[in-house]
Amino acid sequence: MRAHASVLHLDLDAFFAAVEQRDKPSLRGKPVVVGGVGGRGVVATASYEARKYGVRSAMSTREARSRCPHAAFLTGRFHAYRDASTIVMGLLRAASPLVEPLSLDEAFVDLEAAGLPDLEVPTVTAFAQELRERVRDQTEGLTASVGIGTSKFIAKVASDLDKPDGLVVVAPGTEQELLRPMHVSVIPGVGPVTVERLRRAGIHTVADLEAVSLEELVRLVGNAHGSGLFALARAEDDRTVEPERETKSVSSEGTYDTDLTDRALMEQLLTRQAREVAARLSKQGLSGRTVTIKVRLHDFTTLNRSTTLPSPTDSGATIARLARGLLADLDTSGGVRLLGVGVSGLADWIQEDLFGETEQEEEPEAPEPEIVRSRDRPGWAPGMDVVHDEMGRGWVWGAGRGVVTVRFETAQTPAGPVRSYADDDPHLHHWRPEQAEAGAPPEE
DNA sequence: TCTGGGGTCCTAGGACCC
DNA sequence: TCTGGGGTCCTAGGACCC
């Protein structure tokens, strides 16, 4: 904790939804929900108009629709968010060399490095007001909430106190009187599980927490977490603003609208994800030794399986081969709702190819199950009529993330089976009336 | 059809080494 | 010829954050 309120936390208000409202005037003043729109989507950001109806981040889109059916539900335009974020981070870096972005819409700024005449409350307040105005001007109207305090913790708490479009400076020395009446969940790292553990011990507020011994806290929530809580309950926080943070892992995952049961399809999806991870690794000049797959079963139990190579790789073929091998050891007969691939143990160098000839022989030896993109496909959307070479007529139940799910309901089989395919499965075609006689009947 | 996707950090047990 | 001990690496699971 510093003698002056010199840590600033900036948080763009309802960021994704605000960018949408900025870019589409017809959405201004109306409820907007950005997030997954599929059957298993969740809300990433709700505009303040949508929050009035109880729509919240991380809520399922299904529930958001039932609470606010007239909202605009949007999937999100990440390039637009990235562009806006780049502008804001640029403004912050122009104000101080010490900026730590936490996400696209949040950052800490160290005001000790900003070259202000002093760090007294009126000075940092004026600085922050000007920064907020600059953000609004340069982003064509996005608003930011700002908190300033003697530590990251206090700055972050402060930025939450007057949302949206607010500014709160917590004067040095007043931290504990601010925190004591607050619920323990204001402390970063205290989520639902910790709240419940503390509640059972009769601890609800920061004041309650402050009265608990270090030994007791460690017993309740573990070593690292316990000592962290002990300090934060006293507003003790010496964490510095870190402008450069190393990437520790790169991953790609997907949740599918219907549970997957087809192993060949799962392997195809893992292969695609492995390629995507490999592309992102090499784009960043990274490679890694540990390949992990993540499998969420139908009942939401989540399994991770990993394997570690002797030297780092950024090869999509290698990552895919290992990922498929890891999947082979799992029982997925009950259905899989999520599949993912990640690489960790990263190095910012690629292993020198000391034995180039062996490595080069290996890759063509294990050919990928190639996914062929066909050009005559306009894409799949729910409700489309389709024909599968073996299954016959059906219609699209869900499509996205490389998977199309088809219900084979026909006049003959009104409760027909549901199957999922890769969206470029050569056996799956759009149905057109002129194909009526060409569509093979269902096999069973 | 409750429960995304991209991450970070921590814990705990076993293997292995000196 | 019971059961040391510290350190590191690996694997699996889980809490949490935005």
Side-chain angles (χ1 to χ4, degrees), chain A residues 9-12 14-16 33-45 56-67 75-76 78 81-82 85 100-108 152 156 159-160 185-198 218 221-229 239 242 245-259 273 276-277 280 289-310 326 329-330 335 337-346 397-398 400-401 405 407 418 420:
Chain A
H9 179 257
L10 178 137
D11 194 341
L12 293 161
F15 180 49
F16 297 170
V33 178
V34 180
V37 294
R40 287 170 168 172
V42 301
V43 175
T45 312
R56 295 285 179 272
S57 293
M59 171 182 284
S60 74
T61 300
R62 182 170 304 277
E63 181 166 359
R65 274 188 208 281
S66 85
R67 291 190 186 219
T75 50
F78 278 84
Y81 311 150
R82 188 162 299 281
S85 177
E100 179 180 338
L102 298 176
S103 62
L104 287 181
D105 65 334
E106 259 187 66
F108 286 115
K152 282 183 165 180
K156 176 115 166 103
S159 71
D160 248 331
S185 58
V186 296
I187 297 175
V190 176
V193 174
T194 305
V195 164
E196 177 58 18
R197 276 186 204 158
L198 295 176
V218 166
V221 300
N223 210 334
H225 206 181
S227 36
L229 287 189
R239 293 172 299 164
E242 300 282 347
R245 296 187 59 183
E246 260 178 68
T247 302
K248 301 278 174 62
S249 66
V250 174
S251 65
S252 169
E253 64 183 53
T255 294
Y256 305 100
D257 279 350
T258 55
D259 292 348
Q273 291 169 335
E276 203 214 303
V277 167
R280 278 160 49 198
R289 289 179 56 218
T290 302
V291 173
T292 304
I293 65 165
K294 178 170 166 185
V295 178
R296 181 119 72 205
L297 302 177
H298 62 291
D299 64 355
F300 221 74
T301 57
T302 304
L303 308 173
N304 297 283
R305 291 295 179 271
S306 66
T307 184
T308 298
L309 293 162
L326 291 166
D329 294 335
L330 296 178
R337 60 179 289 139
L338 172 149
L339 271 181
V341 177
V343 173
S344 57
L346 300 187
W397 168 252
R401 276 185 272 273
T405 303
R407 280 191 103 96
V418 175
S420 292

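This is a predicted model, so every value here is computed, not measured. Residue numbers begin at 1 in each chain, while the letters A, B, ... track the order of the sequences.
- Distances from the side chain of Thr307(A) to the nucleotides dC10(B), dT11(C), dC18(C) place dT11(C) closest.
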Check the pair Gln273(A), Leu339(A) against side chain to side chain contact (heavy atoms under 4.5 Å, CB included), reporting the backbone distance first and the verdict last.
-> CA-CA 9 Å; Gln273(A) 291 169 335; Leu339(A) 271 181; 4.2 Å; yes
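- For Arg280(A), the salt bridge (charged side-chain N to carboxylate O under 4.0 Å, His left out) criterion is met by Glu276(A), not counting sequence neighbours.
- A side-chain donor-acceptor contact under 3.5 Å links Ser85(A) to the backbone of Leu104(A).
- On the C1' atoms, dC17(C) is 27 Å away from dT1(B), given to the nearest whole Å.
- Proximity of Arg289(A) to the phosphate of dC10(C): a side-chain N or O atom is located under 4.0 Å from OP1 or OP2.
- Using a 4.0 Å cut-off, some side-chain N or O of Ser251(A) falls inside it from OP1 or OP2 of dG7(B).
- Nearest to the side-chain atoms of Ser249(A) among the listed nucleotides dG7(B), dC9(B), dT11(C) stands dG7(B).
- Remark: the separation of the P atoms in dC18(C) and dC2(B) is 27 Å, to the nearest Å.
- As judged by a 4.0 angstrom heavy-atom cut-off over every strand, Thr292(A) is placed among residues making no nucleic acid contact.
- dG6(B) atom C1' lies 7 Å from atom CD of Glu253(A), rounded to whole Å.
- For the pair Phe78(A) CZ and dG6(B) P, the interatomic distance rounds to 9 Å; values are reported in whole Å.
- Formation of a donor-acceptor pair under 3.5 Å by the His9(A) side chain with backbone atoms of Asp160(A) is not found in this model.
- Distance, Leu339(A) CG to dG4(B) P: 14 Å, rounded to whole Å.
- Between Lys248(A) and dG7(B) there is no side-chain N or O to OP1 or OP2 distance below 4.0 Å.
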Pair Thr307(A)-Leu309(A), side chain to side chain contact (heavy atoms under 4.5 Å, CB included): steps then yes or no | CA-CA 7 Å; Thr307(A) 184; Leu309(A) 293 162; over 6 Å; no
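- When the side-chain nitrogen and oxygen atoms of Thr255(A) are compared with OP1 and OP2 of dG5(B), one or more of them lie within a distance under 4.0 Å.
- Scanning residues 294-304 of chain A for heavy-atom distances under 4.0 Å to DNA chain C yields Leu303(A), Asn304(A).
- The side chain to side chain donor-acceptor pair (under 3.5 Å) search around Arg296(A) returns Thr302(A), not counting sequence neighbours.
- Per the geometry, CD belonging to Glu106(A) stands 17 Å off P belonging to dG7(B), to the nearest Å.
- When the side-chain nitrogen and oxygen atoms of Arg67(A) are compared with OP1 and OP2 of dC2(B), none of them lie within a distance under 4.0 Å.
- A straight line from CD of Glu242(A) to P of dT8(B) spans 14 Å, rounded to a whole angstrom.
- Between the P atom of dT11(C) and the CZ atom of Arg305(A) lies a distance of 12 Å, rounded to the nearest Å.
- Taken to the nearest 0.5 Å, the OG1 atom of Thr255(A) stands 6.0 Å off from the CZ atom of Arg337(A).
- Looking at heavy-atom distances under 4.0 Å, Ser57(A) makes no contact with the nucleic acid at all.
- Look at Arg62(A) and you'll find a side-chain N or O under 4.0 angstrom from OP1 or OP2 of dT1(B).
- Between the C1' atom of dC10(B) and the CG atom of Asn223(A) lies a distance of 10 Å, rounded to the nearest Å.
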Yes or no on side chain to side chain contact (heavy atoms under 4.5 Å, CB included) for Val37(A) and Arg65(A), after CA distance, side-chain angles and deciding distance?
-> CA-CA 10 Å; Val37(A) 294; Arg65(A) 274 188 208 281; 4.0 Å; yes
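- Phosphate contact (OP1/OP2 of dT11(C), side-chain N/O of Thr308(A), threshold under 4.0 Å): present.
- Taking the ring-ring contact (aromatic ring centres under 6.0 Å, His included) definition, one finds that Phe16(A) meets it with Phe78(A), Tyr81(A), sequence neighbours left out.
- Between atom CZ of residue Arg245(A) and atom NZ of residue Lys248(A) there is a gap of 7.5 Å, rounded to the nearest 0.5 Å.
- In terms of phosphate contacts, Arg337(A) brings a side-chain nitrogen or oxygen within less than 4.0 Å of OP1 or OP2 of dT3(B).
- When base pairs are accepted only as Watson-Crick or G-U wobble with both N-N or N-O distances under 3.5 Å, DNA chain B takes part in stems of 3 or more pairs at B:5-18 with C:5-18.
- The line from CG of Leu297(A) to CG of Leu303(A) is 5.0 Å long, rounded to the nearest 0.5 Å.
- Heavy atoms of Gly36(A) sit nowhere under 4.0 angstrom from any nucleic acid atom.
- For the pair Thr290(A) and dC10(C), the criterion of a side-chain N or O lying under 4.0 Å from OP1 or OP2 is not met.
- Comparing Gly39(A) and Val250(A), the nucleotide of DNA chain B nearest to each residue sits closer to the 5' end for Gly39(A).
- For Glu242(A) against Lys152(A), the heavy-atom pair with the smallest separation is N-NZ, 4.4 Å.
- When rounded to the nearest whole Å, the span between CG of Leu338(A) and C1' of dG4(B) equals 9 Å.
- dA15(C) sits 15 Å from dT3(B) when the C1' atoms are compared, rounded to a whole Å.
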Give each protein N/O atom lying under 3.5 Å from an N/O atom of nucleotides 12-17 of chain B, with the pair distance.
none

Take Arg56(A) and Val43(A), measure what side chain to side chain contact (heavy atoms under 4.5 Å, CB included) needs, and give me the verdict at the end.
-> CA-CA 7 Å; Arg56(A) 295 285 179 272; Val43(A) 175; over 6 Å; no
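- Across all strands, Val190(A) comes closer than 4.0 Å only to sugar-phosphate atoms, never to a base (heavy-atom distances).
- Each of Val295(A), Ile293(A), Thr292(A) was scored for a side-chain contact (heavy atoms from CB on, under 4.5 Å) with Asn304(A), with one residue passing: Thr292(A).
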